[in-house]
Amino acid sequence: MAEQKILVASEDYVELDDYFGDNDVKSIFLVCDSSMPFLRISKYFDYLKVHRGIEVVKFSNFKPNPFYESVVEGVKLFYRTGCDMIVAVGGGSTIDVAKCIKLFSNMNTNKNYLTQQIIPNDLKFLAVPTTAGTGSEATRYAVIYYNGDKQSVTDYSCIPSTVLMDASALKTLPIYQKKSTMMDALCHSIESYWSVNSTEESNKYSKQAIQTILENKDAYLANKDLGNANMLKAAYLAGKAINITQTTAGHAMSYKLTSLYGIAHGHAVAICISKLWEYMLEHPERCIDSRGIGFLNNIYCEIADSMGCVTVPEAVTKYKALVDSLNFINPQCSPKDYLILKTSVNPIRLKNHPIYLDEDIIESLYHQILQ
């Protein structure tokens with residue numbers, strides 16, 4: 001695929017004018033969520049017809065953790081309107097919906113899209129992330145839900161061809177969402193580092209992302225412009241890393257916590273990694289990375305160095321202190337929940353994890369996470 005183009009937003013979004021003009025865009029299918037009216041960029045699209053004669057068709061009939069049925073509705077509207085390109089303005093769910101609309105737009109409408117082979121297309125797709133966390137703007141993955149089950153839709157052609165980095169979009173985020181999305185990006189970076197699929201390229205992205213997150217977390221949480229801009233870059237770098245390696249057990253264990261207890265995804269991943277990392281260090285004999293335990297130990301050291309720590313235990317302590325400082329309120333669970341949790345973990349995700357985990361270990365970890 002062609003190299004992704006990165007734009008940085010100015011006050012008047014002149015770079016969007018240039019982009020739409022260069023691509024001779026006449027109509028835009030705008031996928032956006034409920035935050036859209038509160039964003040500075042909203043006014044730009046409201047006046048785009050008057051300003052440049054470009055029609056804008058909005059689609060926002062979906063929720064976080066979107067349903068397959070919502071995507072189908074979006075595809076139908078896209079067909080009816082015949083727009084030139086797709087623009088997504090929103091968080092990970094919004095970008096994922098737009099990705100699926102793009103992929104499904106040239107499939108057979110009479111069959112379930114999830115059962116069909118993906119045929120790549122070159123439809124123009126611009127993403128404007130409004131959270132600094134998921135990195136969806138940089139990855140080939142989209143997550144939607146069908147009959148209550150998580151479905152991962154994957155193809156390189158769903159990666160946005162262009163990304164607009166607009167730091168002003170982070171100004172209105174609630175603090176809980178800012179904290180949880182930041183931790184999602186940090187956990188992406190850590191998991192990518194220790195994934196069995198890690199490469200020199202992915203490690204470079206992970207290192208840059210970890211350093212940028214830790215250097216800018218205070219300014220970001222204080223809603224400073226530079227902190228917001230740099231956190232967007234960090235989330236993008238973490239997304240680039242995870243696009244190469246995929247996520248590991250931390251993410252696999254987080255999804256049911258989010259759906260069962262309604263906590264944010266980044267919050268769920270963050271508390272999983274706290275206990276998971278400790279277990280991994282205590283059980284090197286369970287290493288399943290073909291490169292060996294010596295290699296994995298070196299990776300732990302690289303993560304520690306990226307975090308500004310001399311030793312790996314120091315890095316674990318620093319990570320846990322960061323999670324504690326965010327004052328996340330952990331969910332209250334009942335004994336029957338542990339069966340639901342331990343059987344919810346996708347074994348495919350565990351193949352990417354460098355330390356072998358079985359159901360009993362996963363249940364034990366959930367007990368520690370939720371105690």
_Quick check on Phe295: does its CZ atom have over 12 non-hydrogen neighbours (other residues, nucleotides or ligands) under 6.0 Å away?_
yes
*Is any side-chain N of the basic residue among Lys171 and Asp166 closer than 4.0 Å to the acidic one's carboxylate O?*
no
*Within 6.0 angstrom of Asp122 CG, more than 12 heavy atoms from elsewhere*: no
_Tyr19 OH: over 12 foreign heavy atoms closer than 6.0 Å_ = yes
*asked:* To check you understand the geometry: which heavy-atom pair defines the closest contact between Val269 and Cys187, and what is its length?
replied: CG1-CB, 3.3 Å
_Taking Glu55 first and then Lys49, would you say they form a salt bridge - that is, a charged N and a carboxylate O separated by under 4.0 Å?_
yes
*Can you establish whether the number of heavy atoms outside Glu11 located under 6.0 Å from its atom CD is more than 12?*
no
*Taking everything shown except Tyr79 itself, do over 12 heavy atoms lie less than 6.0 Å from its OH?*
yes
*Linking I/L/V/M/F/W/Y whenever their side-chain heavy atoms sit closer than 4.5 Å, directly or via other members, would Val345 and Val196 fall into one cluster?*
no
*Do you know which two heavy atoms are closest between Gly74 and Phe29, and how far apart they sit?*
O-CZ, 3.4 Å
*asked:* Using the rule given for side-chain contact (heavy atoms from CB on, under 4.5 Å), can you reason through Cys158 versus Val153, listing the C-alpha separation, both sets of side-chain angles and the distance that settles it, and then say yes or no?
replied: CA-CA 9 Å; Cys158 79; Val153 181; over 6 Å; no
Distance-only donor-acceptor hits, side chain of residues 85-103, under 3.5 Å, sequence neighbours excluded:
unit_1, atom_1, unit_2, atom_2, d
Ser93, OG, Asn65, N, 3.1
Thr94, OG1, Asp33, OD2, 3.0
Asp96, OD1, Ser136, OG, 2.7
Asp96, OD2, Val143, N, 3.1
Lys99, NZ, Ser136, O, 2.7
Lys99, NZ, Ser136, OG, 3.1
Lys99, NZ, Thr139, O, 2.8
Lys99, NZ, Thr139, OG1, 3.1
Lys99, NZ, Tyr141, O, 2.7
Lys102, NZ, Asn121, O, 2.8
Lys102, NZ, Asn121, OD1, 2.8
Lys102, NZ, Ser157, O, 2.8

*asked:* What's the separation between atom NZ in Lys342 and atom CG in Asp358, rounded to the nearest 0.5 Å?
replied: 9.5 Å
*When you look at NZ of Lys224, are more than 12 heavy atoms from neighbouring residues, nucleotides or ligands closer to it than 6.0 Å?*
no
_Under the side-chain contact (heavy atoms from CB on, under 4.5 Å) test, residues paired with Asn112 that sit two or more places apart_ = Tyr68, Leu114, Thr115, Tyr146
*Nearest 0.5 Å please: distance from the CZ atom of Phe62 over to the CD atom of Glu73.*
11.0 Å
*May I ask you to decide whether Glu201 forms a salt bridge with Lys240, counting only side-chain N to carboxylate O separations under 4.0 Å?*
no
_Spacing of His283 atom NE2 and Ile355 atom CD1 [to the nearest 0.5 Å]_ = 9.0 Å
*Among all residues two or more places apart in sequence or in another chain, which pass the side-chain contact (heavy atoms from CB on, under 4.5 Å) test with Tyr338?*
Cys333, Leu341, Glu363, Tyr366, His367, Leu370
*Within a radius of less than 6.0 Å around NZ of Lys207, do more than 12 heavy atoms belonging to other residues, nucleotides or ligands occur?*
yes
*Heavy atoms only: give me the nearest Thr130-Ser35 pair and the separation to one decimal.*
OG1-OG, 4.4 Å
*Parallel, tilted or perpendicular: rings of His265 and Tyr255 (30°, 60°)*: parallel
